[in-house]
Amino acid sequence: GAGVSQSPSNKVTEKGKDVELRCDPISGHTALYWYRQSLGQGLEFLIYFQGNSAPDKSGLPSDRFSAERTGGSVSTLTIQRTQQEDSAVYLCASSLESGSSYEQYFGPGTRLTVT
Amino acid sequence: GNSVTQMEGPVTLSEEAFLTINCTYTATGYPSLFWYVQYPGEGLQLLLKATKADDKGSNKGFEATYRKETTSFHLEKGSVQVSDSAVYFCALRGGSNYKLTFGKGTLLTVNP
């Protein structure tokens, strides 16, 4: 079946603009995660959704970052007033979170460049 | 909190050489351990996993054994191929904490 998809694949934006990144998880996966991959920091957890709720937002780096999930499916990560340090690859993952099936499947990522 | 330390590399090997990438972890409780691989231009893929002490995960000729006494999960392959060139990430998921904690990644280049 279809894997996790993310859009756009690449985004170039000017400093100070807002951006929205989208994630379509695997159908039926109840859990959804956002991570950020950057040269300096490696792979960092941002936020975790179970259904439409976000019980763990501990990785969001500032209040400029927010995320929502609707219908237990699609998620949007929004970065307001982008800064150059926000440049990174933003990865989304989903998992079933049922019994022993908690393997996280990753999307291809969105490469964000803030100029 | 949880943390993962892995050999950062880069690692360059000739085809058919033996590979070891070291990974150690710090976690409370009994974490599950993973190796992910990222091939050039592609997304992260799960390579193998182990969920309890002494478990051995294996896939595509790669192996890693969950060693609780040394808090390690070293990745090994007996004979690497050019197609194994990629970045390898060690990761853990601890107890009720659903998120993955990753190491910094190790770039492996295999030359013919």
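Here is how names work: the chains are called A, B, and so on, in the same order as the sequence lines, proteins then strands, and each is numbered from 1. Quick caveat, the model's predicted, so the values are computed rather than measured. Below, all heavy atoms of this structure are taken into account, side chains as well, without hydrogens, waters or symmetry copies.
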Identify which part of A/Gln37 has an atom lying under 4.5 Å from any heavy atom of chain B, answering side chain, backbone, both or neither. side chain

Under 3.5 Å: donor-acceptor pair, side chain of B/Gln45, backbone of B/Val37: no

Determine, using the 4.5 Å side-chain heavy-atom cutoff (strictly less than), whether B/Val110 and B/Tyr88 are members of one ILVMFWY cluster. yes

Which region of A/Tyr105, side chain (C-beta onward) or backbone (N, CA, C, O), has a non-hydrogen atom less than 4.5 Å from a non-hydrogen atom of chain B, or is it both or neither? neither

Between B/Trp35 (side chain only) and B/Phe73 (backbone N and O only), is there a donor and an acceptor less than 3.5 Å apart? yes

Between B/Ser79 (side chain) and B/Ala17 (backbone), is there a donor-acceptor pair under 3.5 Å? no

For A/Ile47, is it the side chain, the backbone, both or neither that has a heavy atom under 4.5 Å from a heavy atom of chain B? neither

Identify which part of B/Leu46 has an atom lying under 4.5 Å from any heavy atom of chain A, answering side chain, backbone, both or neither. side chain

